[in-house]
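Please read all numbers here as calculations on a predicted model, not as lab measurements. Chain identifiers are assigned alphabetically (A, B, ...) following the order of the sequence lines, protein sequences preceding nucleic acid strands; residue numbering begins at 1 within each chain.
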Amino acid sequence: MSENEEKTYAGMTRRTVVLGAGGTLAMLGLGGLRFIGQTPLIRPPGGQDEDQLLSACIHCEKCYEICPRNVIAPAHIEDGILNMRTPTLDFDDDYCDWCKEVNDGDPLCVKVCPTQALQLPEGATAEKTILGIAEINTEWCLAYKLIGCRFCYDACPYEAMELDANNRPLVLNDVCNGCGACESVCVSLQNGSIAEGADERAIIVRPLDENGEMLARFSPSTD
Amino acid sequence: MKTANIRIITALAAVVLITIGFVTNIGIGTVSAIGWLDISILCPLGALSTMLASKMLVPRALIALIIVVVLIVLVGKAFCAWICPVPLLQRIRGFLSKNPAKQTASLSASETKALKSSSCSTAECSTTDCSSCAEKRGTIDSRHFILGGSLLSAVIFGFPVFCLVCPIGLTFASILLVIRLFGGGDMTWSIIVVPLLLAVEVIFFRKWCSKLCPLSAFMSILGKLNRTFRPTINDKTCLETAQGTDCGLCGQVCPEGIDPRHPERSASSMCECSKCRECVEVCPTKALKMPLLPIARSKVTAPPGKDGGERQELST
């Protein structure tokens, strides 16, 4: 063998050792990403234990694929390198009904997850599992301009919203589970109804931080 | 049809099938966890990393791991040649380069010369049966370090580290991102970053598969147990043994660097065989076969009639 003439280290060529050591260091370096702060995200049912999700998710994409309403989406790189390609919920077109329609309220994403990254605790229900909490931006909400829009109120499947004396919707934070029904029907970003400076819909489900507190972008509107 | 083309079709079919899955939500998963609904065959590296990272015994991952181990013992590294999308992507690189023939040659002229001049001479080899006695043992190489490194990192940092950069995962992630971009207008920098990372891995690291891929390392370790579909030479028809000519085509064509005629001269051990059948096809006398079950080597000295009978007995 031509390689026999080269200096070897325990039977391996220098090139092999350098490549191998470099690769191992790269793997350990990538591991260090764990210590970079991550943006909290809205996770699919069963993904509320963030540590468990990150430890177990192998980015196999089964949960996105199976979701009958196409609300599970891969997280963006903007959400953090470690979060990239982990499952998050995107309520642009639809919301999470815990697969009530297609699988009798047993979420398919949890069912197909092969690594228990999505895993519901015993006895978990849609009502008790808080994916996030909806937040209304009263600057952008049409109802707060007294236009009389109540799409979100009508869409809420959990009676987590109420209307005030002026028919303006309010979120009941202790009932809302973050299913996203309100966000998915909000028309505030559509042609003709867009408020100045609005970069997202007027009602958005916000993730909870590690202490279970809602990460509000605006001051709470329910007060 | 040439198996090289069939292999392109099988790998493409896997990509197309999974893309259809993404669009239709039928639940077949990706190559990382292919299957039907809650039954999935997990990537063995993913299954190991996830259990090491979460410090939990995940029954489904464990079952999948056992199934994969059995599959590897049965078909060796066939995944690499028949299903993995990475060689497909490397083929694109081959099209882009001006001299595709140079890209695909597994050994350079000087390497081949060096191999030919080393160890026993061709004449010796054709008369004595040295190729059967001195099979090259699988050696530890850089891939095995990366396999170890990625598992170690998963234990230390508590998440499946290699999955972040796995080119197989990145391939399907890219497809999904494109579907989401055009299907739902999901704009993100990931659409640039994910395919770019993938391109860097398969274009800059031209020898990703043989030098870096930890999955390939995992399969080659278990491939040592593989006895089925091994390239087997019929010495009666092989040009080197039957006529004493200097052929060596099977060794030159092997993309894994195995020389089935002269295992002792091979750059790689037989456990690297990806069952691509290039050697079977290149053999001018069709002396090379990949039988389902191992066949005892036929002796050149044995009379043809007796030898044929013996082989029939063994293969039944």
Heavy atoms, side chains only, cut-off 4.5 Å: are Asn25(B) and Pro68(A) in contact? no
Would you mind telling me which of Ala53(B), Ala61(B), Ala173(B) has the largest number of heavy-atom pairs within less than 4.5 Å of chain A? Ala173(B)
In this structure, are over 12 heavy atoms from other groups packed under 6.0 Å from Asp104(A) atom CG? no
Could you check which of His59(A), Gln116(A), Arg85(A), Met84(A) has the highest count of heavy-atom pairs closer than 4.5 Å to chain B? Arg85(A)
Go through Pro114(A), Ala73(A), Ser55(A) and name the one with the most non-hydrogen pairs under 4.5 angstrom from chain B. Ser55(A)
With heavy-atom distances below 4.5 Å as the criterion, would you say the side chains of Lys224(B) and Ser269(B) are in contact? no
Can you tell which part of Cys63(A) gets under 4.5 Å to a heavy atom of chain B, answering side chain, backbone, both or neither? neither
Determine whether Cys179(A) and Pro157(A) make a side-chain contact, defined as any pair of heavy atoms from C-beta on separated by less than 4.5 Å. yes
Taking C-beta and beyond as the side chain, do Arg43(A) and Leu118(A) meet within less than 4.5 Å on heavy atoms? no
Does the side chain of Phe162(B) come within less than 4.5 Å of Leu215(B)'s, by heavy atoms? no
Given a strict heavy-atom distance threshold of 4.5 Å, which part of Asp51(A) is in contact with chain B: side chain, backbone, both, or neither? neither
Using a cut-off of under 4.5 Å for heavy-atom pairs, which of Asp90(A), Ile81(A), Thr16(A) has the most such pairs with chain B? Thr16(A)
Per-residue contact mode, Gln52(A) against chain B (heavy atom under 4.5 angstrom): side chain
Which bit of Ile26(B) comes within less than 4.5 Å of chain A, counting heavy atoms only: side chain, backbone, both or neither? both
Is a donor from one side chain sitting under 3.5 angstrom from an acceptor on the other, for Asp94(A) and Asn70(A)? no
Against chain A, label Met51(B) side chain, backbone, both or neither, depending on which of its atoms sit under 4.5 Å from a heavy atom there. neither
Interchain contact, Ile72(A) with chain B, by part (heavy-atom threshold 4.5 Å): backbone
Give a yes or no on whether Tyr158(A) atom OH has more than 12 heavy-atom contacts from other residues, nucleotides or ligands under 6.0 Å away. yes
What part of Leu42(B) gets within 4.5 angstrom of chain A, counting heavy atoms only: side chain, backbone, both, or neither? side chain
Under 4.5 Å from any heavy atom of chain A - which part of Val194(B): side chain
Between Gly46(B), Ala64(B), Gly149(B), the one whose heavy-atom pairs under 4.5 Å with chain A are most numerous: Gly149(B)
Hey, which of Leu177(B), Thr24(B), Leu170(B), Ile39(B) has the most heavy atom pairs under 4.5 Å with chain A? Leu170(B)
Less than 4.5 Å apart, side chain to side chain, heavy atoms only: is that true for Ile203(A) and Val171(A)? yes
Verify the neighbour count for atom NZ of Lys128(A): are there more than 12 heavy atoms of other residues, nucleotides or ligands below 6.0 Å? no
Tell me, out of Ile156(B), Ile34(B), Asp186(B), who's got the most heavy-atom pairs with chain A below 4.5 Å. Asp186(B)
Here the gap from Leu208(A) atom CG to Glu213(A) atom CD, rounded to the nearest 0.5 Å, amounts to 8.5 Å
Any side-chain heavy-atom pair from Ser174(B) and Pro195(B) closer than 4.5 angstrom? yes
By residue number, those in residues 18-27 of chain A with heavy atoms under 4.5 Å from heavy atoms of chain B are Leu19(A), Gly20(A), Gly23(A), Thr24(A), Met27(A)
Can you tell me which portion of Val31(B) sits under 4.5 Å from chain A's heavy atoms? Options are side chain, backbone, both or neither. neither
